[in-house]
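What follows is a set of notes on a single structure, which appears directly below.
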Amino acid sequence: MTKTFTIAVTGQSLIKHDIRNTDDLAFQSVRDVLAKADFAFTNFESTIDGQHGGWPLKGSFFGSSRPVVLDSLKDLGFQGLSLSNNHAFDLGPSGILSTLEEVEKRSFLHAGIGRNQTMAARAGTGSFNGRKVALVAMDAGPGPDFMYAGDAAKDRPERPGVNRLYLTKVIDVDPEAFENLRLIRDRVGYTDMDLGNDSQPDDRPTLDPKNEICIARAIFRRAEHFGRSVKVDEANLARHLSEIHSAAEAGCLVIAYLHHHHWASDWYEVSTWVGDVAKTCIDAGAAMFVSHGAPVLQPVEIYRNRPIFYSLGNFIFHVKSEKSQWTAPEIWESVIGLCVFGEAGDLKGMTFHPVVIGSTSSGQNTILEDRLMPHLARGADAARILHRFQQQSLPFGSNVTIKNDTAHIGF
């Protein structure tokens with residue numbers, strides 16, 4: 001009999017409270033689902049306020065957590081955490097050091113932050129039920145340069161921080177608009193000196209002088225259409241791909257992870273560049289690609305018999321009701337994916353269990369602070385979540401079948 005290995009993946013865990021002390025059966029059912037996996041993985045969407053202290057580096061979107069929340073994630077059954085995200089640096093380098101310390105105390109497999117860039121980019125590795133697993137975790141921002149880890153150089157110490165996938169936001173405009181923008185730049189006297197000043201505290205962007213201009217940090221690119229896009233730094237991506245390749249060559253089943261906030265206006269729309277990055281990661285040897293950032297569940301795609309999760313939305317989402325923009329029902333709904341792999345790392349099948357954060361129907365509870373725990377969805381809630389997931393995934397060639405309160409992809 002072929003030995004299989006099951007990985008559980010969930011939405012991101014923005015967790016601020018200890019949620020262990022409950023006898024809620026719908027929450028206990030979530031733990032039961034995760035227990036079916038040999039390895040369960042989530043994104044820890046926070047930074048630890050621990051013994052290294054730190055100072056808030058954000059305004060209203062600041063977030064940090066006490067170490068006890070990691071015990072909640074451990075109790076739920078998670079063995080792996082990605083740590084690369086927009087909240088990882090909310091307490092600065094001190095928060096990075098505290099997070100590393102507390103995660104390692106609890107023996108989580110982890111990746112995505114480090115004392116310097118070399119350590120932050122390193123794959124986290126471990127062995128579970130006789131199978132070697134590796135995690136390479138990246139963050140694509142947007143975020144300031146100083147949140148990303150740096151190696152030491154002459155007269156410059158190392159910087160603890162996040163593992164960066166370096167990319168640049170670009171606004172595409174047609175040739176006429178491009179020439180008008182160039183004229184505006186010249187007439188207001190916007191010079192290279194202004195570009196350098198506006199770029200602080202980041203480094204100034206690298207531009208194609210014929211086809212790109214930058215005004216007040218906004219990069220415009222000559223194109224045949226109008227739109228928003230990103231430009232991925234190929235040399236930076238190549239370093240991440242090399243780490244994935246090395247881990248795969250060492251016999252690990254590799255999870256490639258990406259966090260980003262470069263969303264389309266429609267949260268359900270998948271940006272082309274994310275698919276391009278996902279597929280290059282799989283080409284380099286990753287057994288699966290998982291992404292978070294967009295606050296809703298997005299499609300699953302199968303590429304070379306390996307899954308791409310474009311966004312798994314939220315699994316735990318501890319936010320405040322006051323002036324919150326996070327009230328849409330779909331923000332509080334997602335799935336737990338159980339992915340079964342064969343010995344060669346080939347995908348054998350997937351099962352999806354729908355979850356709602358906070359109640360049996362996410363639209364009934366308007367007090368966001370009370371939505372503390374994910375619940376396994378049943379009945380109409382399960383049908384709604386799974387049908388939406390099915391319809392989203394169909395254009396990507398994924399045949400999701402629904403039976404009772406679960407969904408499946410088989411081969």
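This is a predicted model, so every value here is computed, not measured.
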Do we see a donor-acceptor contact under 3.5 Å between the side chains of [X] and [Y]?
{"X": "N163", "Y": "S84", "result": "no"}
{"X": "T42", "Y": "Q12", "result": "no"}
{"X": "S82", "Y": "N43", "result": "yes"}
{"X": "Q392", "Y": "Q298", "result": "no"}
{"X": "N211", "Y": "D208", "result": "yes"}
{"X": "H259", "Y": "E45", "result": "yes"}
{"X": "D23", "Y": "Q28", "result": "no"}
{"X": "S291", "Y": "S311", "result": "no"}

Considering only heavy atoms from C-beta outward, does the side chain of [X] approach that of [Y] to under 4.5 Å?
{"X": "P295", "Y": "N314", "result": "yes"}
{"X": "H225", "Y": "D174", "result": "no"}
{"X": "I215", "Y": "L195", "result": "no"}
{"X": "L100", "Y": "H110", "result": "yes"}
{"X": "V133", "Y": "Q79", "result": "no"}
{"X": "F89", "Y": "L57", "result": "yes"}
{"X": "F309", "Y": "M350", "result": "yes"}
{"X": "I316", "Y": "I19", "result": "yes"}

- Message: Run the side-chain hydrogen bond (donor to acceptor under 3.5 Å, both in side chains) test against N86 and tell me which residues pass, sequence neighbours left out.
- Response: H261
Residue pair [X] / [Y]: nearest heavy atoms and the distance that separates them:
{"X": "E224", "Y": "P175", "value": "OE2-CG, 4.1 Å"}
{"X": "L338", "Y": "A37", "value": "CD2-CB, 4.3 Å"}
{"X": "V162", "Y": "A88", "value": "CG2-CB, 3.8 Å"}
{"X": "R221", "Y": "E212", "value": "CD-OE2, 3.9 Å"}

- Query: Looking at F27, does the NZ or CZ of R31 lie under 6.0 angstrom from its six-membered ring centre and within 45 degrees of the ring axis?
  - Reply: yes
- Is the charged tip of K74 near the ring of F108: under 6.0 Å from the six-membered ring centre and within 45° of its axis? yes
Hey, are [X] and [Y] close enough for a salt bridge, meaning a charged N less than 4.0 Å from a carboxylate O?
{"X": "R159", "Y": "D151", "answer": "no"}
{"X": "D75", "Y": "R20", "answer": "no"}
{"X": "D198", "Y": "R217", "answer": "no"}
{"X": "R384", "Y": "E333", "answer": "yes"}

Show me the donor-acceptor pairs within less than 3.5 Å that the side chains of residues 274-281 make with the rest of the protein, sequence neighbours left out.
from	atom 1	to	atom 2	distance (Å)
K279	NZ	E301	OE2	3.3
T280	OG1	D276	O	3.3
T280	OG1	V277	O	2.7

- Query: Given the rule in the ring pair (Phe, Tyr, Trp, His ring centres under 6.0 Å) test, do Y310 and F396 qualify, once you have shown the distances and angles that lead to the verdict?
  - Reply: CA-CA 11 Å; Y310 284 107; F396 290 81; 5.4 Å; yes
Value rounded to 0.5 Å, distance of [atom1] in [X] from [atom2] in [Y]:
{"X": "I336", "Y": "S29", "atom1": "CD1", "atom2": "OG", "answer": "10.0 Å"}
{"X": "I308", "Y": "S393", "atom1": "CD1", "atom2": "OG", "answer": "11.5 Å"}
{"X": "H375", "Y": "D24", "atom1": "NE2", "atom2": "CG", "answer": "3.5 Å"}
{"X": "R306", "Y": "D283", "atom1": "CZ", "atom2": "CG", "answer": "10.0 Å"}
{"X": "R239", "Y": "E234", "atom1": "CZ", "atom2": "CD", "answer": "11.5 Å"}
{"X": "F39", "Y": "R131", "atom1": "CZ", "atom2": "CZ", "answer": "12.5 Å"}

- Task: Begin with the C-alpha distance, continue with both residues' side-chain angles, and end with the deciding distance and a verdict on side-chain contact (heavy atoms from CB on, under 4.5 Å) for R66 and D49.
- Result: CA-CA 5 Å; R66 301 299 299 170; D49 183 4; 3.5 Å; yes
Between side-chain atoms of residues 398-405 and protein atoms elsewhere (two or more places apart, or another chain), which donor-acceptor pairs fall under 3.5 Å?
from	atom 1	to	atom 2	distance (Å)
S398	OG	V300	O	2.6
T401	OG1	H408	O	3.4
D405	OD1	G379	N	3.2

- Query: After noting the C-alpha distance and the side-chain angles of V355 and V30, does the key distance pass the side-chain contact (heavy atoms from CB on, under 4.5 Å) rule?
  - Reply: CA-CA 8 Å; V355 293; V30 169; 4.3 Å; yes
- Task: Go through the steps to decide whether I213 and L207 satisfy the test side-chain contact (heavy atoms from CB on, under 4.5 Å), and finish with yes or no.
- Result: CA-CA 7 Å; I213 60 175; L207 302 173; 5.8 Å; no
- Between Y148 and Y166, is the gap from one ring center to the other below 6.0 Å? no
- Task: Please find out if less than 6.0 Å separates the ring center of W273 from that of H260.
- Result: yes
- Is there a side-chain contact (heavy atoms from CB on, under 4.5 Å) between W332 and R371 once you walk through the steps? CA-CA 9 Å; W332 303 85; R371 300 184 189 178; 2.9 Å; yes
- Evaluation steps, ring pair (Phe, Tyr, Trp, His ring centres under 6.0 Å), between F341 and F5: CA-CA 5 Å; F341 293 90; F5 187 85; 7.9 Å; no
- Item | Chi angles and distances behind the ring pair (Phe, Tyr, Trp, His ring centres under 6.0 Å) call for F41, F78 | CA-CA 6 Å; F41 159 79; F78 290 109; 8.4 Å; no
- Step by step, would you call D139 with R164 a salt bridge (Lys or Arg N to Asp or Glu O under 4.0 Å)? CA-CA 5 Å; D139 176 79; R164 184 181 204 173; over 6 Å; no
